[in-house]
Each structure stands twice: as C-alpha cells, then as structure tokens.
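Structure record follows, encoded as structure tokens.
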Amino acid sequence: MRLATWNVNSIRTRADRVAAFLQRHDVDVLALQETKCRDDQFPEMVFSALGYEVAHVGHSQWNGVAILSRVGLDDVTLGFPGQPCWADDTSCEARALAATCGGVRVWSLYVPNGRTLADPHYTYKLEWLGALRDSAAGWLAEDPATPVALVGDWNIAPQDDDVWDMSVFSSATHVSALERAAFQAVVDAGYTDVVRPHTPGPGVYTYWDYTQLRFPRREGMRIDFVLGSPAFASRVTNALVDREERKGKGASDHAPVVVELTD
DNA sequence: ATGGTCGTTAGACGA
C-alpha cells in the first residue's frame with residue numbers, strides 16, 4: 001500500500017495535478033491539507049473517476065483537509081477529541097480529519113502556523129499540538145494493533161538541518177523550543193517519523209516559500225511528516241519526498257511525501 | 001529598493 005500526504009494549497013487550483021500525481025506514484029491513500037474550499041466546492045468528480053473515495057472538511061477559503069482512498073474509507077471523523085478552536089469560531093477550524101483506509105487509521109492534519117512567537121496563534125498552535133498528543137496517546141493505548149498514521153503539514157522543523165539556515169529563524173516560529181518539544185511529545189507518545197530514515201538530510205525539504213527564489217536556491221524547510229504508530233512504522237519499506245512536484249508553473253509551495261507499506 | 005509570490009477573493013489577509 002502507498003500512502004501520501006500533501007499540502008496542496010488549494011485543491012481547486014491543483015486537482016488535475018493531484019490526479020496526475022496519484023497515477024504517477026500509484027498512490028492508494030492521499031491525505032491533503034489546505035484544500036481552501038468548502039465541502040460543496042471540492043472537485044470530487046476528478047478523483048471518483050479514478051476510483052477514489054473522498055472525505056473532506058472545509059468551512060471556508062481557509063484550511064481544509066481531505067483524505068482520498070481507493071482501499072476503503074471508513075469511520076470518518078471530523079476533528080480530534082479536545083481539539084482547540086481558534087478565536088470566536090463556533091466550530092473548530094478544518095484542520096483534522098480521520099478515516100480508516102485498508103486497515104490503517106489515517107489522520108490528515110494541518111497544524112496551525114503560529115504566525116509569530118508573540119501572536120495568540122502561536123499559543124493556539126501549542127495547545128492544538130498538546131491536545132493532539134493526548135488524543136494520539138489514547139488511541140495507541142486503546143488499540144495498539146491498529147496501525148495509526150498522523151500525517152500532514154506540522155508547521156514545525158524539528159531539527160536544525162530541517163531548515164536551510166538557522167540564523168534566518170533566530171526568532172521565528174517553526175523552530176522554537178516549545179514547538180519542537182510539542183512535536184517531540186507526539187514522538188514520545190509512540191509515533192515515529194517513518195520518512196526521515198529513508199530521506200536523510202541535510203537539504204531534504206518539503207516546503208519552499210514562493211518568494212525570494214527559495215526553491216531554485218534550495219532554501220526550504222522540512223515541515224511535512226508521516227508519524228506512525230509501532231504497528232504502522234513496522235510496515236514501512238520505503239519513503240520519499242517528491243521534489244519534482246514543486247517544479248514548474250502551478251506548483252504548490254509544498255512537495256508531497258510518499259510512504260510505502262507492506263500489505 | 002525594508003520587497004520579492006501565491007491562494008483566497010474583491011481589499012486585504014494568510015502562508
């Protein structure tokens with residue numbers, strides 16, 4: 001089974017590109033982040049025509065997460081228990097969606113950006129990650145036999161070599177001690193980065209800012225991750241970051257991450 | 001030259 005995750009930065013703009021990616025990599029399950037549309041705007045036909053079922057949650061032009069699967073899409077869950085809400089939203093932002101696909105519990109996650117260290121959004125980010133850790137620890141305790149994958153845009157660069165130049169990030173989000181501790185807490189809860197062993201750095205990134213020629217200059221960040229429970233991690237045989245998808249006109253600012261599992 | 005580019009949208013805001 002092949003599982004992928006991709007912050008697409010608008011599914012309506014990139015539906016055809018995503019469809020081509022699914023076929024090129026023979027992907028069974030794809031988690032998407034930043035679909036940037038409401039449920040009624042999601043271009044489901046493009047993917048159903050290729051044999052994929054679709055689960056999506058999106059309330060507005062912001063956020064939005066989806067899971068596409070051609071190996072079953074069951075027990076769809078919107079949000080995780082305890083997921084904090086932003087500002088005065090009556091409903092939580094569309095940043096977490098789960099489904100069971102081919103026996104794997106897949107969570108498509110779009111961790112809040114944080115904006116700046118002084119912004120309330122940064123506090124929200126840390127609380128969000130803390131609540132995710134607590135829930136994820138519970139899933140593992142309740143049912144360790146079911147493989148669980150926490151995948152998506154974590155908006156954290158856990159190691160110094162996950163950014164091209166640490167001096168640029170001296171007082172920025174994504175690399176702060178608290179964010180890294182929040183990420184590590186999920187790892188400590190039993191979820192392993194299954195991609196890094198197959199894609200050792202430095203210089204391996206999943207995101208490059210659109211501005212300042214970041215991509216051609218190879219100035220990126222590794223912020224998209226597949227964290228697997230022990231039952232998931234033990235089945236991973238290969239992983240890659242498809243840097244080709246960041247090239248050319250009409251690319252997302254993120255590259256997809258692909259993981260291969262034994263059946 | 002204190003920006004640079006995208007996406008949502010119709011003036012900004014978010015990333």
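Since we're looking at a predicted model, the values are computed, not measured. Lettering follows sequence order; numbering is per chain, from 1.
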Show me the side-chain donor-acceptor pairs of residues 127-134 of chain A shorter than 3.5 Å, one per line, residues at least two apart or across chains.
none

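- Among residues two or more places apart in sequence or in another chain, the ring pair (Phe, Tyr, Trp, His ring centres under 6.0 Å) test is passed with F42(A) by H56(A).
- In this structure, Y124(A) and H121(A) have perpendicular ring planes: the angle between them is above 60°, well past the 30° mark.
- Rounded to the nearest Å, the gap between the P atom of dG7(B) and that of dG3(B) is 22 Å.
- Note: NE2 (H254(A)) to C1' (dT5(B)) measures 14 Å, nearest angstrom.
- Scanning residues 165-176 of chain A for heavy-atom distances under 4.0 Å to DNA chain B yields an empty list.
- Spacing between dG4(B) and dA15(B) at atom C1', rounded to whole Å, works out to 15 Å.
- Taking every heavy atom of residues 107-114 of chain A and every atom of DNA chain B, pairs under 4.0 Å involve Y110(A), N113(A), by number.
- Between Q212(A) atom CD and dG3(B) atom P there is a gap of 11 Å when expressed in whole angstrom units.
- Across the protein-nucleic acid pair, Y124(A) atom OH and dG14(B) atom P stand 13 Å apart, rounded to whole Å.
- Applying the salt bridge (charged side-chain N to carboxylate O under 4.0 Å, His left out) test to pairs two or more places apart or on separate chains, none has a residue in residues 98-112 of chain A.
- In terms of the side chain to side chain donor-acceptor pair (under 3.5 Å) criterion, T237(A) has no residue partners (sequence neighbours excluded).
- Between H121(A) atom NE2 and dG14(B) atom P the separation is 9 Å, expressed in whole Å.
- F215(A) has its CZ atom 18 Å from the C1' atom of dG4(B), to the nearest Å.
- Qualifying side chain to side chain donor-acceptor pair (under 3.5 Å) partners for D160(A), counting only residues two or more places apart in sequence or in other chains: R180(A).
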Find every protein N or O atom lying less than 3.5 Å from an N or O atom of nucleotides 6-8 of chain B, and list the pairs.
from   : atom 1 : to     : atom 2 : distance (Å)
dG7(B) : OP1    : R14(A) : NH1    : 3.4
dG7(B) : O3'    : S10(A) : OG     : 3.3
dT8(B) : OP1    : S10(A) : OG     : 2.6
dT8(B) : OP1    : T13(A) : OG1    : 3.2
dT8(B) : OP2    : T13(A) : OG1    : 3.3

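- When the ring pair (Phe, Tyr, Trp, His ring centres under 6.0 Å) test is applied to F215(A), the partners found at least two apart in sequence or on another chain are W208(A).
- Looking at residues two or more places apart in sequence or on another chain, you find no ring pair (Phe, Tyr, Trp, His ring centres under 6.0 Å) involving H174(A).
- When the C1' atom of dA15(B) is taken as reference, atom CH2 of W208(A) falls 16 Å away, rounded to whole Å.
- Partners of H198(A) under the ring pair (Phe, Tyr, Trp, His ring centres under 6.0 Å) rule, at least two apart in sequence or in another chain, do not exist in this structure.
- Every residue two or more places apart in sequence or in another chain that forms a side chain to side chain donor-acceptor pair (under 3.5 Å) with Y110(A) is listed here: E34(A).
- Atom pair E93(A):CD and dA15(B):P shows a separation of 8 Å (rounding to whole Å applied).
- Rounded to whole Å, atom P of dA15(B) lies 15 Å from atom CD1 of I156(A).
- Looking at N9(A) and K36(A), their side chains do bring a donor and an acceptor atom within 3.5 Å of each other.
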